[in-house]
Protein chains: 2
Amino acid sequence: MIKKKQEIVLDSVPRKTLAKEVADRIIQLLASGQLKPGDKLYPETELTKMLSVSRPVLREAMSSLESLGIIHRKTRDGTYFSEKISSKPYTNMLSLAGDDLPSIIEARMALELGMIAMAAEKITDQQLDELNQTIKALSEHPGDYSQVDKEFHRIIAFSVNNYILEGMIDSLLMAFDRMSKNIQFRERDVAVEHHKAIYEALKKRSPSEAFAQMYRHLDYVRKKILKQRKESKA
Amino acid sequence: MIKKKQEIVLDSVPRKTLAKEVADRIIQLLASGQLKPGDKLYPETELTKMLSVSRPVLREAMSSLESLGIIHRKTRDGTYFSEKISSKPYTNMLSLAGDDLPSIIEARMALELGMIAMAAEKITDQQLDELNQTIKALSEHPGDYSQVDKEFHRIIAFSVNNYILEGMIDSLLMAFDRMSKNIQFRERDVAVEHHKAIYEALKKRSPSEAFAQMYRHLDYVRKKILKQRKESKA
DNA sequence: TATTTTAAAATTGTATGACAAATAAAATGA
DNA sequence: TCATTTTATTTGTCATACAATTTTAAAATA
């Protein structure tokens, strides 16, 4: 653990490029409250004067901040601070994970398991209704039900109403979709039963029970996918 | 939910700057396996020729990738792909959260609750020993025990051995430390008891029990912090 | 030949200047 | 006053140059 911290320090101390410095300053504008989310920044030419740096350096910093989702730039209009944390950086990072499906499944599972505990505390009656509707749609609609399935999980995730977690789960669900879209699910009855049990636990507002039911569900899904993947590889 | 997807599409489609395009290409080098983590990239002058872009544009892309932790640059040496996903981008993103301690606590709680379920499946005997040592240290050492407490949580988090989750929890724990360092904990006995219960559940390799014990612990911590914060604000 | 010294090349970091394109604002003409 | 034209603004992009330092190559010397 301590080593890990050292690594970070040793990596960040010697590298104090101007661009990095500028990025920090601009973040400071936000952190110090001088500018607020959604505000328009000063144009590049002014910022270069204010910070005494060249425009390429400033633009390197801006580019970094944009890739982190902290700002977004509109051509021939200006630069704005983002309203909320986006899932963009997480998505970019996950591209590094490449085809590591097991790690993505595990991360998704962990995140959903934690979030459902929070959801059990906070979910609204209306969101419970929406959940119930997806279950009905799941049992009644014919053909591919993957969209309805995703909706179920998204409703739960967003019922937590935490933008930090939203950014994390959003990127993971997208990566999961992308990588598992060719995997077939054909056990509608199992899915319906699992979703119903999760729904009932949420209705009771019981974190532990909701966790248990979600664990049962995701553990089942996980094993199924990894098994199918193994078979298709062999 | 559907709206959310629209937003992302509408935001990313019109903006296809060269720098962004270049960044994607370089990520592709990694994703396609042409280059591996730790490999040295081609020098900037060569990349500009290969991609037919100017150096400032290339450097904007590089700057983005570096802030995402995908590459790191060494002055007068070269640019290298990172060995592993770092928590850097998450940390920068959390600066947007500002002083929103409740959201950070909630996110940390969710993540730890999910991760301990995974930890119960995967933790090694040696890591269990390490956990036990922190409990001993916690009960015996005098004075401030916050460092030992953090170590306990970190061992569990890293026992999951999932680099995606590591990046997420690392940034959250750092943000949490930063914001709660002036909050005093003075209930050592409670902490020891909670940690022991968590340890025992992990030893049994029981995800549900580990979850339950961690929930009890973090729920206690959360309420305590938020209460203290409320009082100090009043 | 071996060693030391010197020079050259390589590489990232930074600055300057310029132009394109499109929108918004200002000026001009009827 | 209204419509048209011009100008200014602002991001996106390119080309070039120089600084600083490390590595490499060459050359000179013992």
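Protein chains get the first letters and strands the later ones, always in sequence-line order, with residue 1 at the start of each.
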Worksheet item: With the sugar-phosphate defined as primed atoms, P, OP1 and OP2, and the base as all remaining atoms, what B/S/- string results for nucleotides 17-26 of chain D, 5' to 3', for protein heavy atoms under 4.0 Å?
Response: B--BB-----

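- Rounding to whole angstrom units, NZ of residue A:K74 and P of C:dT23 are separated by 13 Å.
- Among the nucleotides C:dG13, D:dT13, D:dT11, the one closest to any side-chain atom of A:E44 is D:dT11.
- Taking the side chain of A:V57 as heavy atoms from C-beta on, and the options C:dG13, C:dT14, D:dG12, the nearest nucleotide is C:dT14.
- Residue B:L58 contributes atom CG, which lies 15 Å from atom C1' of D:dA15 at whole-angstrom precision.
- Residues B:E151 and B:Q147 have side chains that never bring a donor and an acceptor to within less than 3.5 angstrom of each other.
- Using a 4.0 Å cut-off, no side-chain N or O of A:T79 falls inside it from OP1 or OP2 of D:dT10.
- Distance B:R59 CZ to C:dA15 P: 11 Å, rounded to the nearest Å.
- One can place NZ of B:K49 at 16 Å from C1' of D:dC14, the figure rounded to the nearest angstrom.
- Across the protein-nucleic acid pair, B:K20 atom NZ and D:dT11 atom C1' stand 18 Å apart, rounded to whole Å.
- In this entry the distance linking CD of A:E60 with P of D:dT11 reads 17 Å, nearest Å.
- In this pair, B:H195 and B:H153 present their aromatic rings perpendicular. The plane angle is above 60°, beyond the 30 to 60° band.
- Between B:Y42 and B:P56, the residue anchored closer to the 5' end of DNA chain C is B:Y42, taking for each the nucleotide with the nearest heavy atom.
- A:S32 and A:Q34 share a side-chain donor-acceptor pair at under 3.5 Å.
- Computed from coordinates, the B:M62 CE to C:dT14 C1' distance equals 16 Å when rounded to whole Å.
- A heavy-atom distance below 4.5 Å is found between the side chains of A:L172 and B:M168.
- Side-chain contact between B:E112 and B:H217: absent, with no pair of heavy atoms (C-beta onward) separated by less than 4.5 Å.
- Closest non-hydrogen pair, A:A119 versus A:S159, comes out as CB-OG, 3.4 Å.
- The residue among B:P43 and A:S52 whose nearest nucleotide of DNA chain C is located toward the 5' end is B:P43.
- Identified under the salt bridge (Lys or Arg N to Asp or Glu O under 4.0 Å) test for residues 32-42 of chain B, with sequence neighbours left out: B:K40-B:D77.
- In this structure, A:D77 places its CG atom 10 Å from P of D:dG12, rounding to the nearest Å.
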